[in-house]
Amino acid sequence: MKPSIPKGTRDFGPAEMQKRQYIFNSLRLNFELFGYQPIETPSMENISTLTGKYGEEGDQLIFKILNSRIHEHKNKELLKKEFELSLESSRNSEELTEKALRYDLTVPFARYVVMNQHNISFPFKRYQIQPVWRADRPQKGRYREFYQCDADVIGSNSLVNELDLISLIDKSFKELNVPVVLKFNNRKILSAIAEVINEPDKIIDITVAIDKLDKIGKEGVNKELAEKGVSDDAIKKLQPLLEFKGDNRAKVAILQQLVGNTETGKKGIEEIEYLLNNSTPHFAKMELDITLARGLNYYTGTIFEVKANAGTFTPSILGGGRYDDLTGIFGLVNMSGVGISFGIDRIYDVMEELNIFPEQIGKMSTTKIMFAHFDEETQMHCIKLSAELRDKGIACEVYPDATKKLGKQFDYANKKNIPFVCTVGSNEITAGMYALKDMQKGQQQQLNVSDLIQFLKNN
RNA sequence: GUAGGUAUAGCUCAGUUGGUUAGAGCAUCGGUUUGUGGUACCGAGGGUCGUGGGUUCGAGUCCCAUUACUUACCCCA
C-alpha cells in the first residue's frame, strides 16, 4: 500500500515545526502580555452547535462525522430514508451525523462561555490555539486542516477592547517582522447601507458583492448585484461607495453623506471614528476599507482583516470582529464579544515567501552536544557522562549504534546541526580529558568534565 | 460545484518528428580514509513510465477513458 494523507492535510518535519513553534510561541507570549487566558475545546462539537453560524457557504464546508455503528441502528428504514433525503438536498440528519469537526474557534468559544457562565467572571479574555477543519477545495494557502490562534474578549461592549486588539495585532506582526495592512470596517455601516437603499433582505449579497471590489472592479460588482436581484435604483445609490478614493478621513466623510442620517449608520461612523482617533499602531498600516464585509454571519460591529503588505502571496492572514449576540443562540443574551483569529499556516507561508524567519530558526539543533565513541565500553562511559550533563540542564545525546567509524558519527551530528561533538576513547577515559569539537569552527580542545560543563553552559 | 495544468527512481525533474538496454541531480548504502563531519573522488541498490483501453511493425512519447495531485473561480485563515 502506498502511504498517503488526506487531501489538504500536511505532515510537518522538525525544521518546519521549529518555524511553526516560533510563530506559536511569539503569539502566545503576546496573548498573555495582553491578559488573555488559555482554554481548549474539543475537536468535535455537536453538529447543531456549529450549523447556521457561518452563512450558507460556510455551513457546507463543515466536516461532518458519520455516526458510529450505524449498522447496529434499530430503525434501518428510518436511516435509509434520512440518507435518501440527504441525497436530495443539503440538510443535516442527526440520525446520520450528530457530530462535526470545529470550523472555527469563535463558535465553540461562545458555546463554552454559555456552558461555563457561572464560573467565568466577565469580561472574559481568552486565547485559544487549536486546529480547525474546513471541507474546502485545497489550493495555495488553503488547507483543510489548519491552526487558528484566537484572542477574544466577551462580556464587554467597550471599544477599548477593539483598541486592545489593534495593539495586539500591531505588536504581534511587528515581532514576527511581517509587514501588514490592517483593514477594518463596521457591519453597522453595511446594515445602514442596505437600509438606505431599501434592500435590507439583501444585506449579505450586497456585502459579499462589494467585498470583491478590488478583485472584479466596479462593473463586476454591479453585475453581481443585479444578478442577485438588487434593484437598479439601489445599485445607483451604491455607486459613490464603489467610486470614492482618498484617505481614511475622506472615506468617513463619504459614509457620513451616504448613511449619516440613519441611526445605525451614525453609530457605525462613531465607532469607526473612535478607532481612528484612539488607536496607535506603530507598525501595521491601518486602513478603513468600506468594502470589507467578511463572510461569517455572526459579526455585527467592527470587522478586521489583515493581509501581508509585501510580496506576491497576500492572502488574508487574520480575521475578526465584534459579535453582539453569538451566545444568544445558546441562551445567554446581552453578551457582546470581539475577537481576532491569526491564521498561522498562512503567516508561515507569507514569512517563507518573504524569507523573514530569523536565520537560525529551522536550522538550530535542540541537542547541544553529541558523544562519539568506539565500542560498547566507551559508549557506556558516554552514557554516564550524558546523564551528568543532563543533570546540569545540557541537552545531549549519545550516538546510539556501536560503530568504530567516527566519520559516520560526525556525519550524524553534522546533519542534525548539533554544535558540539565530544569524542570519548580509552585514552580520554584514562586521562579524564575529553576531546570537544566545535562543529562550526572546526576547532578541538581537551577538557575535563567540570570544564566541559562550564564551557557548554557558556556557549 | 465550474475551468485549466500535471502524473517517469524515495525526492526534484530530463527524455528530440513515435525507434536499441528509460537518464541526471539530490537522498540512501558502500569504498577512497580501522580517531574526526560539513567541501573531493569512485561505486552500488532503487522504475509494470498513475491505471485501463486504443492507434501502430513499434508507445514514456499520439488518441480515449479513469483516478490522484495541483492551480484559478466561488468562499475563506
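All chains are named by letter (A, B, ...) in the order of the sequence lines, taking the proteins before the strands, and each is independently numbered beginning at 1. In this text the structure is predicted, and so the values were computed from the model without any measurement.
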| query | Do the side chain of A:Glu428 and the base of B:G35 come within less than 3.5 angstrom through a donor-acceptor pair of N or O atoms? | reply |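 Side chain to base: pair present.
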
Counting any heavy atom closer than 4.0 Å, what does [X] reach on the DNA or RNA strands: base, sugar-phosphate only, or nothing?
X: A:Gln60; answer: nothing
X: A:Tyr143; answer: base
X: A:Lys140; answer: sugar-phosphate
X: A:Thr423; answer: base
X: A:Asn427; answer: base
X: A:Gly141; answer: base

| task | Identify, residue by residue, the members of residues 339-367 of chain A with a heavy atom below 4.0 Å from RNA chain B, and return them in order of residue number, or none. | result | A:Gly343, A:Arg346

| field | RNA chain B contacts made by residues 399-416 of chain A, counting heavy atoms under 4.0 Å | value | A:Lys405, A:Leu406, A:Gly407, A:Lys408, A:Phe410, A:Asp411, A:Asn414, A:Lys415

| Passing option when A:Ile23 is tested against A:Asp345, A:Val178, A:Ile347 for side-chain contact (heavy atoms from CB on, under 4.5 Å) | A:Ile347

Mate of [N] where both pairing distances stay under 3.5 Å, Watson-Crick or G-U:
N: B:G25; result: B:C11
N: B:C41; result: B:G31
N: B:U6; result: B:A68
N: B:C57; result: B:G19
N: B:G1; result: B:C73
N: B:U48; result: none

| request: Classify the ring geometry between A:Tyr412 and A:Tyr399 as parallel (under 30°), tilted (30 to 60°) or perpendicular (over 60°). | output: perpendicular

| A:Tyr147 or A:Lys7, whichever maps to the more 5' nucleotide of RNA chain B |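 Result: A:Lys7.
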
Write down the distance separating the [atom1] atoms in [N] and [M], rounded off to the nearest Å.
N: B:G25; M: B:U61; atom1: C1'; value: 23 Å
N: B:C69; M: B:C63; atom1: C1'; value: 23 Å
N: B:G58; M: B:C62; atom1: C1'; value: 13 Å
N: B:G1; M: B:G47; atom1: P; value: 37 Å
N: B:G60; M: B:A68; atom1: P; value: 25 Å
N: B:U51; M: B:G30; atom1: P; value: 32 Å
N: B:U8; M: B:A22; atom1: C1'; value: 8 Å

Treating [X] as the side-chain partner and [Y] as the backbone partner, does any N or O pair qualify as donor plus acceptor under 3.5 Å?
X: A:Asn46; Y: A:Ser48; value: no
X: A:Asp324; Y: A:Thr300; value: no
X: A:Gln130; Y: A:Thr41; value: yes

| field | Distance, rounded to the nearest Å, where A:Leu436 contributes CG and B:U36 contributes P | value | 17 Å

| task | Run through A:Asp164, A:Asp150, A:Asp152, A:Asn30 and flag the one making a side-chain hydrogen bond (donor to acceptor under 3.5 Å, both in side chains) with A:Tyr36. | result | A:Asp164

| query | Out of B:C69, B:A77, B:G35, which nucleotide sits closest to the side chain of A:Ile317? | reply |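 Within the option list, the nearest is B:A77.
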
| So, do A:Phe342 and A:Phe173 have ring centers that fall under 6.0 Å from each other? |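 Centroid distance A:Phe342-A:Phe173: below 6.0 Å, so yes.
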
| field | Short side-chain N/O contact to B:A77 OP1/OP2 from A:Gln148, under 4.0 Å | value | no

| Sequence-distant partners of A:Glu175, salt bridge (Lys or Arg N to Asp or Glu O under 4.0 Å), two or more places apart | A:Lys171

| message | A side-chain contact here means heavy atoms from C-beta on lying under 4.5 Å apart; do A:Asp438 and A:Phe420 qualify? | response |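 Sidechains of A:Phe420 and A:Asp438: in contact.
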
